[in-house]
Amino acid sequence: MGNILVTGSAGQIGSELVPALRNIYGESTVIAGWNKTPLPEDISKGPNVLLDVTDFEAINKVVKNFEISSIFHMSSILSATAEAIRNTAHNVNINGTFNVLESAHQNGVEKVMLPSSIAAFGDKTPRDMTPNDTIQNPDTVYGISKVFGELMGNYYYSKLGLDVRGIRLPGVISWKTEPTAGTTDYAVAMFYEAIKSNSYECYLAPDTSLPMMYMPDAINALVNLFKADHGNLIHHSDFNVHAMTFTPEALAVEVKRINPKFQIEYQIDPVRQAIANSWPSSLDDSAARKEWGWKPQYSIRELAEDMYKNLVTKLA
Ligand code: AKB
């Protein structure tokens, strides 16, 4: 196997994926690509490269110079931010994704991991136990770009033989690196504010139910799909993965169990509420379970306890 390039290595998921991949495949094998946000210190000690995914030639150069055989393309502008900066979101999420796939194809890269999101669904999609293969009518720049990635990933696989794989990630909760303004990120912010000020003003309504996942499960999903036997895969760029569904109200109960002084208030943001209302509440992930053995580990309670404990240490 050649080297692995991870784009967006300073981001919420990239910053945990790079150390996980380095543990498995070796420090020198995993090249951390980063652009505007500096890398966390632990990652910057290993091989890394400044890389703007909107620049096709820059990707080509990195792929050639570092003898890349696999790419995890993690750079992405999240849902709420993408609504505010459409141009940048289009450049990064659509042009950037195209550049990565095309460069991978032209340079003989073997495998591209291209994460999608629950944002690839819309208000015509069945909300409960959303099937893997169903109606997709997103009405956000981010969601449209994720459908583009899924379709292009499947195109490069079926027409050009590039092994492209992807999962539709739900809200991912983690303590190492803060996410950059998605719609599900209230669930991360609630922990920070509970520790800093014992209170949190939530921008989604108390009963907004969305699919969520703790970071270790998200990393396992990415790594296990990457490792999966190609012959067992029927789907490629578009796997549903489900871990848990909860509402702000239910998460607040868990946080209050750990910190009895915690109080939550609600100040609804209409933009993010509308996005949340158009997304699934739970997903049928039987294809992922059957084709590559997906199985999440963390419950909401385990997530809350681990998240709180680690954040207290980090913020101290
Ligand atoms: C977001 O809220 O934008 C992301 C996502 C669900 O893809 N966390």
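Computed from heavy atoms alone, side chains included, the values below leave out hydrogens, waters and symmetry copies. Every number for a ligand or one of its atoms is a count from 1 in the order of the listing.
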Participant: Applying a 4.0 Å heavy-atom criterion (strictly less than), which segment of Ala119 is in contact with ligand 1: side chain, backbone, both, or neither?
Facilitator: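 None of Ala119 does.
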Participant: Tell me which donor-acceptor pairs under 3.5 Å the side chains of residues 140-152 have, and how far apart each pair is, sequence neighbours excluded?
Facilitator:
unit_1: Thr140; atom_1: OG1; unit_2: Gly143; atom_2: N; d: 2.9
unit_1: Ser145; atom_1: OG; unit_2: Asn93; atom_2: ND2; d: 3.3
unit_1: Ser145; atom_1: OG; unit_2: Tyr142; atom_2: O; d: 2.7
unit_1: Lys146; atom_1: NZ; unit_2: Ser76; atom_2: OG; d: 3.4
unit_1: Lys146; atom_1: NZ; unit_2: Pro115; atom_2: O; d: 3.1
unit_1: Glu150; atom_1: OE1; unit_2: Gln136; atom_2: NE2; d: 3.2
unit_1: Glu150; atom_1: OE1; unit_2: Arg168; atom_2: NH2; d: 2.9
unit_1: Glu150; atom_1: OE2; unit_2: Ser116; atom_2: OG; d: 2.7
unit_1: Glu150; atom_1: OE2; unit_2: Arg168; atom_2: NE; d: 2.8

Participant: Using a 4.0 Å cut-off to any heavy atom of Ile118, which atoms of ligand 1 qualify?
Facilitator: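 Counting atoms of ligand 1 from 1, those under 4.0 Å from Ile118 are 6 (C).
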Participant: Which donor-acceptor pairs under 3.5 Å do side chains of residues 218-229 form with protein atoms, sequence neighbours excluded?
Facilitator:
unit_1: Asn224; atom_1: ND2; unit_2: Asn220; atom_2: O; d: 3.3
unit_1: Asp229; atom_1: OD1; unit_2: Gly231; atom_2: N; d: 3.1

Participant: Is Lys61 atom NZ crowded by more than 12 heavy atoms from other residues, nucleotides or ligands, each under 6.0 Å away?
Facilitator: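 No, not enclosed.
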Participant: So, Asn259 versus Tyr308: side-chain donor-acceptor pair below 3.5 Å or not?
Facilitator: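 Yes, because at least one side-chain N or O of Asn259 sits under 3.5 Å from a partner of the opposite role on Tyr308.
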Participant: Below 4.5 Å, heavy atoms only, C-beta onward: do Arg289 and Pro296 meet side chain to side chain?
Facilitator: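 The answer is yes; the side chains approach within 4.5 Å.
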Participant: Under a plain distance cut-off of 3.5 Å, with no hydrogens placed, do Ser103 and Asn60 share a side-chain donor-acceptor pair?
Facilitator: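 Looking only at side-chain atoms, Ser103 and Asn60 do form a donor-acceptor pair, the distance falling under 3.5 Å.
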Participant: Numbering the atoms of ligand 1 from 1, which are under 4.0 Å from a heavy atom of Ser117?
Facilitator: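 Per the distance check, 5 (C), 6 (C), 7 (O).
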Participant: Note the single closest protein heavy atom to atom 3 (O) of ligand 1, along with its residue, its atom name and the distance in Å.
Facilitator: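 The closest one turns out to be Ser79 OG, 2.6 Å.
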Participant: Check each heavy atom of Val172 against ligand 1 and say whether those closer than 4.0 Å belong to the side chain, the backbone, both or neither.
Facilitator: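 Contact part for Val172 vs ligand 1: neither.
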Participant: Name the closest protein heavy atom to atom 2 (O) of ligand 1, giving the residue it belongs to and the distance to 0.1 Å.
Facilitator: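 Going atom by atom, the protein heavy atom closest to atom 2 (O) of ligand 1 ends up being Thr183 N, 2.6 Å.
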Participant: Starting from atom 8 (N) of ligand 1, find the nearest protein heavy-atom neighbour and note its residue, name and distance.
Facilitator: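 For this ligand atom, the closest protein heavy atom is Thr184 OG1, 2.9 Å.
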Participant: Within a distance under 4.0 Å of any heavy atom of Leu78, pick out the atoms of ligand 1 and give their elements.
Facilitator: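 Close to Leu78: 3 (O).
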Participant: Looking only at heavy atoms, which two atoms of Val164 and His236 are closest? And how far apart?
Facilitator: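 Reported closest heavy-atom pair: O-CB, 3.4 Å.
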Participant: Under 4.0 Å from a heavy atom of Trp279: give me the atoms of ligand 1 that qualify, with their elements.
Facilitator: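 Reading through ligand 1 atom by atom, the close ones are 1 (C), 2 (O), 3 (O), 6 (C).
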Participant: Consider every N or O of Tyr142 and every N or O of ligand 1, then say whether any pair is closer than 3.5 Å.
Facilitator: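 It does: an N or O of Tyr142 is found under 3.5 Å from an N or O of ligand 1.
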